[in-house]
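Have a look at the structure below before the remarks.
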Amino acid sequence: MTYREVPAKIDLPEMEHEILKLWSQQDIFKKSLDKSADGPLWVFYEGPPTANGMPGTHHVEARVFKDVFPRYRTMKGFNVPRKAGWDCHGLPVELAVEKELGFTGKQDIEKYGIAQFNDKCRESVVRHVDAFEEMTSRMGYWVDTNQAYWTMDSSYVDSVWWSLKKIFDKGLLVQDHRVSPYCPRCGTGLSDHELAQGYEDVVDASVYVRFPITSGALKDEFGALSLLIWTTTPWTLISNTAAAVNGTVNYVVAKTEDGELFVIAEALREKVLGEDSSVIKTFLGSTLEGTSYQRPFDWVEFPETDSPIHTVLLADFVTTEDGTGIVHEAPAFGAEDLALCKSYGLPVVNPVLPDGTFNQDIPEVGGVFFKTADARLVQLLGENGSLFRHLPYEHSYPHCWRCHTALIYYAQPSWYIRTTAIKDQLIAQNEKTNWYPETIKSGRFGDWLDNNVDWALSRNRYWGTPLPIWRCEDAHLTCVGSRRELAQLSSDASVEMDPHRPFVDDISFKCPECELQANRVPEVIDCWYDSGAMPFAQWGYPEKNADLFENRYPADFICEAIDQTRGWFYTLMAIGTLIFEESSYKNVLCLGHILDEDGRKMSKHLGNVLEPIALMDDHGADAVRWFMLVSGSPWQARRVGHGTIAEVVRKTLLTYWNTVAFQSLYARAGSWDPTTASLTNLTDLDRWAVAQATRLARDVDKALEDFDTQRAGRFIAEYVDDLSNWYVRRSRRRFWDAEHSALSTLHHCLKVVTQVMAPFTPFITERVWQDLFATSEVESVHLSYWPTWSDEEIDDTLRDQVELTRRIVELGRAARAASGVKTRQPLQRALVAAAGWGELPEGLQAQIRDEVNVITLESLAGTDELVDVAIKANFKSLGARFAKETPMIAKAIVAKDAREIVDQLRIGPVELEVEGTVITITLEDVVITEVPRAGWTVASVGGESLALDLALTPELIAQGVARDVTRLIQDARKTSGYDISDRISIVWETSNPDTQRAMNEHREQICSEVLATKWENASVENPVVSDEDLDLRISLIRSS
RNA sequence: GGGCCUAUAGCUCAGCCUGGUUAGAGCGCUUCCCUGAUAAGGAAGAGGUCGAUGGUUCAAGUCCAUCUAGGCUCACCA
């Protein structure tokens, strides 16, 4: 048995497509699940992507992490079912369809017909899910899309209804009239987590407006004077109902330079009216209560009432940080305003229609969009003398997260879940949750819970889970928990019916309480509720799959990007806690966002979106995956571009691949049978490579247990580099000879690294597994078990020794570079000074001699005449003992004769007098550096040195020539395209006597290295190789 | 405005938790070396006020405070 042939060059994307085919033909994903079926369950929940647009590279990010941990856990023997899911409902889908159909508002939808419109939404979802499935497959994300849950499935809706009924029965699902953010374009209220996504910085008109006082003590005292108010929403002035001041704040009557009188907060007088204004009278805000004034626009009619319309009210929320300290009240458009005006019994007037335009009967701005009316109103304020000042004001204002229309705060009836009632439970559940990174737990997410407000659940829309509440004419409410229940209540309904609008709207039944007819309320629910219900709704629980659900709650692992803090992470925890009194996840990985190469957010708007499939077909999915997992910190925002991903390919994937190709090449050339691999008769370097592989398996395991792919990836990359650029580099000759222990070692090491890399880069590792291991092991790397180890297999001493060896070699290279004597020229000896080098095993010392190309290594330390000693203070050990005295003592140590004190310290502790005090220091307190004296070429780093003896003998020169010649011929063989085992014939000539001599003396050595079977010194007509320095011309041909 | 994150070489980022002598890597640039696996590898050079200021400490890139800039996020206080 042999390896399959592994080409040196590889087209990664093409290879990946072949692997995809292999996986599907051999059904590897399913086999990996079957194989682990009896293992302990590790529960993963897939957060459903919203199927309202094409998948982007940011979707790849989260999906890579959702893939890597289940793959890893599966290799560790866990059973990790992976059910895909799609978020189907919601405004985003509706908007996409509206755009397609060219609609501009809800009227168009109603005209078109809800049934047809929802059909279009359903089609749109299916279309986008197809695109997601393609991307999911291409990137190697193993998730079961055949049995995906769809939030629009009837059984899913049943589950959602069931849960809503549970909440309703607890009295936590209620209708309330509240001022809440409302999108006039979409015609629906927004929940707080939707609101959070839509703040935009805008410049609004801010106006200071006169409210002339019409009665009260101040009027009697001063005659003409005005309240001065400030607002950034001039359009609300039409609806002005009252003015509010803080009763405990000082106010003044102030006179402007022009002699006009205003009431204003004392603290803001100078800022608003200027230094030249003067205070006439000071009093507490509470004395203003009841003062009546004249509103700026008297277009809206107020009902007859005894309540104090258009007077001053007292409110705690008024501050003196902005404006004038007098707030204009329009209760229909502000939560605090509404509460205040209600408490004074004031009526609520609202001249703004649900589409955001002013009622037609309003003069000047009837039919105008509320925000657009600002400019005209400011102009009118100027004309009627109300306007005191007009300033642009920049602030961030909420906009609809989908259509970017400015939101309006608008009083309207809406359904709420009283999450504030379970706030303490939510906080307790969060306490039990492991967040990665941890800062989210008490930071972003913790803050969110601390400031919890009731969940505005209802939407006045069409494509969503209908709110399953029926109301009768006497306003009794019935919450229905499934289609089955509905069918029991109404003969119009059936268990099989489509639970969407408009079909459910047509169902009515007799109110169980009063027998009057009950009809469904018109709202659908927030689609975030759908996705948050997935732990049970994906199974259709409790109608179906009760056992499945119960085993798989809560999840061990969920993962999404940071924007889900207020989204899915919240709704999952909130619904889980509401229904089951336990959060639905234990560990949550929260990723940073992907940015473009310039650090900007990717968006269609900016045109900087990387199309994921194109990206993967350019560089390979493995490269994209590795980037996501390892480059930078996953929980911070990261920049992604072609350059960064191409580097992954070069540095990591191809280095790994080349090592594999190397192993295959020589194993096949030597007809080596991998089933005979055995880790016996190993060299020191072999043992090192094996022990490091074991260490790798342990370290990667630990890192992945901590959800730290970055650390794990760095371990892998380091090991791949060690294996390729040290183990293989140093062992080449043994591979040429097809040495069993070397081939066995690399076979083993490649197996380990392939396995631990498999969750990261499933394609290339699968390909390697197929080529090198599948014939002697299980059929796929993804069906193999994670390597096991015992700690004693991990040899720290050997690791340290190899590290020292490599450091000394580096010194040798540096010394070579400094000397100008190239490495191919052998030198007689190198002198080494480095702690512990003498104890290096002979095998490792041979590595040094070979790399540095010297015949012997000698110790520099013993040869005093060649070496100077320098010492420095070891601050760490001194500082611990002498603290403040440290610098003084350090100075005293350095001032001593270095040679003398080192000699003494090598015998024992030394007493030192510093500033009259005698202290004792040991070897540990100094750092000794030995530096060769002049006349030697030396390199020295961190106290370790290597010096080269540059004396050349004719024999050494001849050896150098031989090595030059060998290299020239090898290069010629390669460029001529000879196979590594081809034998050749050589003809050469030179008129240089030194070259002549070297050729003759080293003939045997050269011939064996270059596999020459014939060797002739004769004139060369057409040299394949010629070298001017050596005055050498060679021709070679393949021997028969 | 509140909270969080980030700021280290031209670029991308380690190092900071647990303070210690001369702050690292990769990419890019220059010169050289090594090479019959390599699209690689190595050495040297150039490139740093470790965002700023103050503090703690014998000692600060590292700990603390304040500030600045950028990002994310929350918040329409009128």
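Sequence lines set the chain letters: A, B, ... in the order given, protein chains first and strands last, and positions in each chain run from 1.
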Handout entry: Gap between atoms CG and C1', on A:Asp721 and B:A37 respectively (whole Å)
Key = 15 Å
Fill in the blank from the handout: Rounded to whole Å, the CZ-C1' distance (A:Arg711 to B:C17) equals 13 Å
Practice task
Verify the ring-centre separation between A:Phe333 and A:Trp235: is it less than 6.0 angstrom?
Solution key: yes
With both distances under 3.5 angstrom, what nucleotide forms a Watson-Crick or G-U wobble pair with [N]?
{"N": "B:A65", "value": "B:U53"}
{"N": "B:A43", "value": "B:U31"}
{"N": "B:C13", "value": "B:G24"}
{"N": "B:C4", "value": "B:G71"}

Hey, does [X] reach any base, or is it just sugar-phosphate, or nothing, if we go heavy atoms under 4.0 Å?
{"X": "A:Trp726", "answer": "nothing"}
{"X": "A:Val728", "answer": "base"}
{"X": "A:Arg963", "answer": "sugar-phosphate"}
{"X": "A:Ile408", "answer": "nothing"}
{"X": "A:Val660", "answer": "nothing"}
{"X": "A:Phe333", "answer": "base"}
{"X": "A:Thr233", "answer": "sugar-phosphate"}

Between [M] and [N] - [atom1] atom distance, rounded Å:
{"N": "B:G2", "M": "B:U49", "atom1": "P", "value": "31 Å"}
{"N": "B:A46", "M": "B:U30", "atom1": "P", "value": "16 Å"}
{"N": "B:G55", "M": "B:U8", "atom1": "P", "value": "24 Å"}
{"N": "B:G15", "M": "B:G51", "atom1": "P", "value": "14 Å"}
{"N": "B:G19", "M": "B:C64", "atom1": "P", "value": "12 Å"}
{"N": "B:G61", "M": "B:A23", "atom1": "C1'", "value": "7 Å"}
{"N": "B:G47", "M": "B:C27", "atom1": "C1'", "value": "14 Å"}
{"N": "B:U62", "M": "B:G1", "atom1": "P", "value": "27 Å"}

Practice task
Could you tell me whether the side chains of A:Thr236 and A:Ser239 share a donor-acceptor contact shorter than 3.5 Å?
Solution key: no
Handout entry: RNA chain B: 5'-proximal contact among A:Thr236 and A:Ile980 (nearest heavy atom)
Key = A:Ile980
Problem - First encountered from the 5' end of RNA chain B, between A:Tyr666 and A:Asn725 - result: A:Tyr666
Exercise for the section: Using a cut-off of strictly less than 4.0 Å, decide whether A:Lys974 has a side-chain nitrogen or oxygen near OP1 or OP2 of B:U38. Expected result: yes
Problem - Phosphate OP1/OP2 of B:A37: any A:Arg732 side-chain N/O under 4.0 Å - result: yes
Problem - Qualifying residue for side chain to side chain contact (heavy atoms under 4.5 Å, CB included) with A:Leu313, from A:Val245, A:Val327, A:Leu346 - result: A:Leu346
Fill in the blank from the handout: Heavy-atom closest pair (A:Leu268 atom, A:Gly325 atom, distance to 0.1 Å) is CD1-N, 3.5 Å
Problem - Validation row: A:Ile1034, A:Val965 side chains within 4.5 angstrom (heavy atoms) - result: yes
Completion exercise
Per atom distances to the A:Arg714 side chain, the nearest of B:A14, B:U21, B:A37 is B:A14
Problem - Residue A:Ala814, side-chain atoms from C-beta onward, closest of B:A37, B:A39, B:A44 - result: B:A44
Problem - Cationic N near anionic O, under 4.0 Å, A:Asp722 to A:Arg729 - result: no
Handout entry: Any donor-acceptor N/O pair under 3.5 Å between B:U35 base and A:Arg967 side chain
Key = yes
Practice task
Answer with yes or no whether A:Thr655 presents, from its side chain, a donor or acceptor under 3.5 Å of a partner atom in the base of B:A39.
Solution key: no
